[in-house]
Engineer: 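Have a look at this one before I ask anything.
Residue numbers start from 1 in every chain, and the chains themselves are labelled A, B, ... in the order their sequence lines are given, proteins ahead of strands.
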Number of protein chains: 2
Amino acid sequence: MNKKYSIKDIAELSGVSVATVSRVINNNGRFSEETRKKVLKVIKKTGYQTNFSAKNLRMNKSFSVGILVPDISNYFFANVVQKIEKILFNRGYSTFICNTARDENKELAYLKMLESKGVDGLIIISGAKAFDISKLNSPNKIPFVCIDRKPKDRSNTVFIGSDHYQGAFDATNSLFQAGCKFPIIASHNRSSSSAVDRLNGFKDALSKNGLDFDSSRNQIVITTNDSTNAIDLLLKENPQIDGFFAINDSIATNVLSSLLRLGKEIPKDIKIIGFDDEPQDIHSYPTLSSVKQDTDKIAQVTVDNIIGLIDHTAITGESITIPVKLIQRDSSL
Amino acid sequence: MNKKYSIKDIAELSGVSVATVSRVINNNGRFSEETRKKVLKVIKKTGYQTNFSAKNLRMNKSFSVGILVPDISNYFFANVVQKIEKILFNRGYSTFICNTARDENKELAYLKMLESKGVDGLIIISGAKAFDISKLNSPNKIPFVCIDRKPKDRSNTVFIGSDHYQGAFDATNSLFQAGCKFPIIASHNRSSSSAVDRLNGFKDALSKNGLDFDSSRNQIVITTNDSTNAIDLLLKENPQIDGFFAINDSIATNVLSSLLRLGKEIPKDIKIIGFDDEPQDIHSYPTLSSVKQDTDKIAQVTVDNIIGLIDHTAITGESITIPVKLIQRDSSL
DNA sequence: TTGTACGCGTTATCAT
DNA sequence: ATGATAACGCGTACAA
């Protein structure tokens, strides 16, 4: 087993000073090609690696960022976090991924820890409604970007989100185009800015097609794992219902299975479109239509902006909307 | 905005030396109750937080661990990682979650980075078949535990895995008990120790019920998103097939939708059981039976062991098997 | 082009 | 019970 080498060891082994080694490693200052080769050779031979604790301390920079995410086992979140982490790694940053479980106290605890660890930047995914960076001690010090849920004050951050409104609008509109006369929206009981946007898109698509939104007839809130009874009731009261726009794919599959259980034929009797384009959508029967968020783009834009903020090459106050795409499958044809 | 306080500032503000402040913070050495109160008061007022870069440098310990995971958007992995991260955080450790995408080069790159960042321990989830910690520079220095996939050499690590064999055996056996005469296994084309264990469990359940395993008739390897044709073919050749044990839920739903597409009735004509108990199993139609891994237990045991190894209160060489549980739903009744 | 010396914030050792 | 100080590994201003 090898021992752990420090920059001092490298200096001694290559017969130069630590300053020179440092310069070679970081390509700073000037040095002869000869010493460069000599030093690099020793580094290679010894397998020397930078001690980041020392470097961080000296430079007051950690080459790491923190990501706050509500639930990493949610497909959309996992997907975008994964892509962000990959891009960050390729750009020399490592990532603390923190699962807040939608708990504001946890969020704060994580933020303090991340601040203490000296992260250079923060990525907040769908944070608490009242997300407030000012709870931290060095508020103006740590730059942060927000994804998915609009923060209260957008002036000191960059906001990146999908075009939830347009996605909902397109999905609902396509239900009409496929022949639906009375589509409704199936949602959960959490209120996030994305959920609000999706609801608005649904409403506007309704009115564009000559219908007024009535929450008692055009909306169902799914709160249980088996919503068969609730849906049965609603359908009995409103037999004209012939389409569902679900606020996410989990609710869409929930609705789908309930409808099948009630003997409905999909898409003949009732059509369904979900949101997020989860992998299993192609394995449901019938296959599930869904609105796909561009997680590649979201991740790329997020990393560009957080690193930009860290390097002072980007500015806050921006609000970036990423287009979405409706994926038509059997459930809405 | 507050400035950033160092231990030196706290010392000055409370009229003691930095040494005393350090002692109070870490509850080391001895100090009067009076100074303790005084110092803590200043800390509270200033919002002082430890600078971990400095602490790490001094103590040669980072209070952080790295997790290598093949694919965080896989439900099982996301779930166990999430729980591990939570427990670690509660025990004062932060976590670098690294997505290796089943790429050995990436795995190595991550390991080097983590080593450089000075992580105190490593958690390897389902790592490369040839996972070899000796590629690192300080091999004997960083303790690690392995989850899910058995490492080549188990003597210098702790291995933690579900009882895949028993899960597969129970699932297959329950198919027989539900009336199946000729169940087959649906698998993917990756070979992992867990996949091998599950296959063996399936085989043994077969022979216990008087059948010999024949890979051309008792096994189908799913490689595409739509396996309808392949399944159709196999069913035509072997009309006696009346049950599927799928190696995971993704393949199970894939098979399920194909069978429905082929006009089969589930579970009347053919019964299905999957593996991992993913959330959407209860939203498929019919609901999907599955073998549930105890991710709570896995996470807890993992953290106990890695911290144990770090603190030298645990030893390597152990192999811990976590029981699984068959969840019966409509697809196999 | 290269070397010396200092400081980053913390903990630990040795005094007092 | 408390204080002074060395040491951790690194980057850099300044000197040579």
Engineer: Which residues pass the salt bridge (charged side-chain N to carboxylate O under 4.0 Å, His left out) test with B/Asp296, not counting sequence neighbours?
Structural biologist: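 Listed in chain order: B/Lys83.
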Engineer: May I ask you to test the B/Ile142-B/Leu114 pair for a side-chain heavy-atom distance under 4.5 Å?
Structural biologist: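 The answer is no; the side chains never approach within 4.5 Å.
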Engineer: Please lay out, stage by stage, how B/Leu88 and B/Ile307 fare under the test side-chain contact (heavy atoms from CB on, under 4.5 Å).
Structural biologist: CA-CA 9 Å; B/Leu88 279 171; B/Ile307 293 189; 4.2 Å; yes
Engineer: Quick one: what's the B/S/- string for nucleotides 4-11 of chain D, heavy-atom cutoff under 4.0 Å, read 5' to 3'?
Structural biologist: B-BBBBBB
Engineer: Let me test you: for the helix from C/dT1-D/dA16 to C/dT16-D/dA1, what is the angle between the axes at its two ends (five pairs each), rounded to 10 degrees?
Structural biologist: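 For the helix from C/dT1-D/dA16 to C/dT16-D/dA1, the axes at either end differ by 40°.
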Engineer: Do any N or O atoms from the side chain of B/Thr100 and from the backbone of B/Leu68 form a donor-acceptor pair under 3.5 angstrom?
Structural biologist: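 A pair under 3.5 Å: no.
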Engineer: Restricting to side-chain hydrogen bond (donor to acceptor under 3.5 Å, both in side chains), what partner residues turn up for B/Ser162, sequence neighbours left out?
Structural biologist: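 Partners of B/Ser162 under the side-chain hydrogen bond (donor to acceptor under 3.5 Å, both in side chains) test: B/Gln293.
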Engineer: Using distance only, find each side-chain donor-acceptor pair of residues 38-45 of chain B under 3.5 Å and give its atom names and separation, not counting sequence neighbours.
Structural biologist:
none

Engineer: Can you tell me which residue pairs pass the ring pair (Phe, Tyr, Trp, His ring centres under 6.0 Å) test with a partner in residues 299-318 of chain A, sequence neighbours excluded?
Structural biologist: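 Every pair satisfying ring pair (Phe, Tyr, Trp, His ring centres under 6.0 Å) with a residue in residues 299-318 of chain A: there are none.
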Engineer: With sequence neighbours excluded, give me every ring pair (Phe, Tyr, Trp, His ring centres under 6.0 Å) pair touching residues 57-88 of chain A.
Structural biologist: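 Checked against ring pair (Phe, Tyr, Trp, His ring centres under 6.0 Å) - neighbours excluded - no pair reaches residues 57-88 of chain A.
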Engineer: Under the rule for salt bridge (charged side-chain N to carboxylate O under 4.0 Å, His left out), what residues qualify as partners of B/Arg58, not counting sequence neighbours?
Structural biologist: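 B/Arg58: no salt bridge (charged side-chain N to carboxylate O under 4.0 Å, His left out) contacts found.
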Engineer: So which pairs with a foot in residues 84-97 of chain A pass side chain to side chain donor-acceptor pair (under 3.5 Å), sequence neighbours left out?
Structural biologist: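 Sorted pair list: A/Lys61-A/Tyr93, A/Glu85-B/Tyr110, A/Arg91-A/Asp304, A/Ser94-B/Lys117.
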Engineer: With a 4.0 angstrom cut-off to heavy atoms of chain A, pull out the first and last contacting nucleotide of DNA chain C, in 5'-to-3' order.
Structural biologist: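 In short, chain A contacts DNA chain C from C/dT1 to C/dG9.
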Engineer: Listing request: all salt bridge (charged side-chain N to carboxylate O under 4.0 Å, His left out) pairs with a residue in residues 18-34 of chain B, at least two apart in sequence or in separate chains.
Structural biologist: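 Every pair satisfying salt bridge (charged side-chain N to carboxylate O under 4.0 Å, His left out) with a residue in residues 18-34 of chain B: B/Glu33-B/Arg36.
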Engineer: Does A/Ser116 use its side chain to pair, donor to acceptor, with the backbone of B/Thr50 at less than 3.5 Å?
Structural biologist: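 The answer is yes, because a donor-acceptor pair under 3.5 Å joins these two groups.
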Engineer: Among residues 30-43 of chain B, which ones have heavy-atom contacts with DNA chain C below 4.0 Å?
Structural biologist: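 None, since no heavy atom is under 4.0 Å.
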